[in-house]
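Here the structure comes first, spelled out in structure tokens, and everything after it is commentary.
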Amino acid sequence: MARIEDHIDIAAVPAVVFRFCHDAARRPEWDERVTRVELLTPKPVRRGTLLRIDAGRSGRFLFSWDAEYAEFQFPYSSTLRVIDAAPSSPFGTGSESWQFGPAGGGTRFTLAWEYKPRGFLARLSDALGQRAFTRRAIHRSLANLKELLEAR
């Protein structure tokens with residue numbers, strides 16, 4: 001499996017960062033990889049909650065994937081596990097883990113995306129630049145998150 005991991009320090013307490021990150025309606029505001037998130041199970045968000053995530057670039061829809069919160073420990077961590085991805089998705093399996101820890105009076109938010117490219121062309125694309133593109137998108141997304149939370 002391929003793995004991309006990045007982190008950022010945010011001047012807000014872990015509980016605030018955790019709640020903001022888990023607000024499905026707000027995720028497209030900060031995560032450049034996401035155009036829309038739909039809760040498939042009723043609130044509150046917790047372990048077992050199902051989501052449909054529309055992935056895209058520059059606000060354009062590319063494909064959807066369904067996920068389940070396999071782990072949800074407020075305000076410390078959560079893990080989304082891919083349970084189904086559209087045939088147009090470059091990955092078939094994967095998970096995204098979020099860790100929230102103290103850092104200098106604020107929060108260190110760590111995001112780790114692990115995935116398996118689907119098929120030969122997706123593996124080739126991943127090796128030739130898609131992984132680097134995704135790494136940059138994650139890095140920009142974390143900067144967006146920091147900016148939004150620190151402006152509050």
Side-chain angles (χ1 to χ4, degrees), residues 1-8 10 14-101 107-149:
M1 277 204 156
R3 180 180 173 89
I4 299 171
E5 184 173 322
D6 201 353
H7 70 272
I8 196 160
I10 301 170
V16 168
V17 179
F18 188 98
R19 281 189 186 101
F20 189 88
C21 288
H22 290 89
D23 182 341
R26 303 224 45 194
R27 185 161 177 188
E29 290 178 42
W30 61 270
D31 192 337
E32 293 189 3
R33 303 166 299 150
V34 173
T35 60
R36 187 173 77 93
V37 177
E38 176 187 358
L39 286 173
L40 300 177
T41 51
K43 289 182 179 182
V45 175
R46 60 186 174 268
R47 186 170 183 241
T49 294
L50 301 175
L51 306 164
R52 174 156 300 132
I53 299 169
D54 290 345
R57 292 186 189 147
S58 304
R60 289 186 19 234
F61 170 78
L62 294 176
F63 62 89
S64 292
W65 56 285
D66 293 345
E68 175 184 23
Y69 276 108
E71 178 191 344
F72 193 86
Q73 296 180 333
F74 175 81
Y76 305 108
S77 64
S78 67
T79 299
L80 268 178
R81 180 178 51 90
V82 176
I83 56 175
D84 188 33
S88 58
S89 166
F91 61 87
T93 61
S95 66
E96 185 164 285
S97 298
W98 294 351
Q99 302 289 320
F100 304 83
T107 302
R108 173 160 291 172
F109 175 58
T110 303
L111 184 154
W113 168 235
E114 293 187 43
Y115 61 97
K116 183 175 181 182
R118 178 187 283 171
F120 173 76
L121 291 178
R123 286 191 304 275
L124 182 62
S125 174
D126 193 60
L128 293 176
Q130 183 60 42
R131 185 177 313 167
F133 178 84
T134 302
R135 185 182 318 277
R136 287 190 302 274
I138 287 171
H139 188 76
R140 287 189 307 268
S141 296
L142 294 180
N144 295 340
L145 178 64
K146 176 182 177 75
E147 184 178 333
L148 281 169
L149 282 166

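Predicted, not measured: the structure shown is a model, and the values here were computed from it. Residues take their numbers from the sequence shown, with the count starting at 1.
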Main-chain N/O of W98 paired to S78 side chain as donor or acceptor, under 3.5 Å: no

Within the 6.0 Å centroid threshold, strictly below: H22 and F74: no

Under 3.5 Å: donor-acceptor pair, side chain of T107, backbone of I10: no

Minimum heavy-atom distance P90-A122, with the two atoms named: O-CB, 3.3 Å

Sidechain-backbone polar pair: T35 side chain, D54 backbone, donor-acceptor under 3.5 Å: yes

Spacing of CD belonging to E29 relative to CZ belonging to F20, to within rounding of 0.5 Å: 5.5 Å

Heavy-atom side-chain proximity of L145 to C21 below 4.5 angstrom: yes

Within the 6.0 Å centroid threshold, strictly below: Y115 and W113: yes

Side-chain donor-acceptor contact under 3.5 Å, E71 with T79: yes

Spacing of I138 atom CD1 and R33 atom CZ [to the nearest 0.5 Å]: 4.5 Å

Chi angles and distances behind the side-chain contact (heavy atoms from CB on, under 4.5 Å) call for W30, L149: CA-CA 10 Å; W30 61 270; L149 282 166; over 6 Å; no

Aromatic contact, F100 with F109 (centres under 6.0 Å): yes

For R47, all residues meeting salt bridge (charged side-chain N to carboxylate O under 4.0 Å, His left out), sequence neighbours excluded: none

Between CG on residue L51 and OG1 on residue T41, distance to nearest 0.5 Å: 7.0 Å

4.5 Å side-chain heavy-atom contact, E96 and L111: yes

Nearest non-hydrogen partners of A86 and R118, listed with the distance: O-NH1, 2.8 Å

Close side-chain approach of I4 and R131, heavy atoms under 4.5 Å: yes

With sequence neighbours excluded, residues passing ring-ring contact (aromatic ring centres under 6.0 Å, His included) with F133: none

Nearest heavy-atom neighbours spanning G92 and A85: O-CB, 4.4 Å

S125 (side chain) donor-acceptor with L121 (main chain) under 3.5 angstrom: no

Side chain to side chain, E32 and H139, heavy atoms closer than 4.5 Å: no

Verdict with supporting geometry, L80 and I53, side-chain contact (heavy atoms from CB on, under 4.5 Å): CA-CA 11 Å; L80 268 178; I53 299 169; 4.0 Å; yes

NZ on K116 to CE on M1, rounded to 0.5 Å: 7.5 Å

More than 12 heavy atoms from other groups under 6.0 Å of CD on E147: no

Verdict with reasoning, F72 to T49, per side-chain contact (heavy atoms from CB on, under 4.5 Å): CA-CA 9 Å; F72 193 86; T49 294; over 6 Å; no

Inter-residue atom distance E5.CD - S97.OG, 0.5 Å rounding: 9.0 Å

Minimum heavy-atom distance D126-A2, with the two atoms named: OD2-CB, 4.2 Å

Nearest-0.5 Å distance, NE2 of residue H7 to CZ of residue R108: 3.5 Å

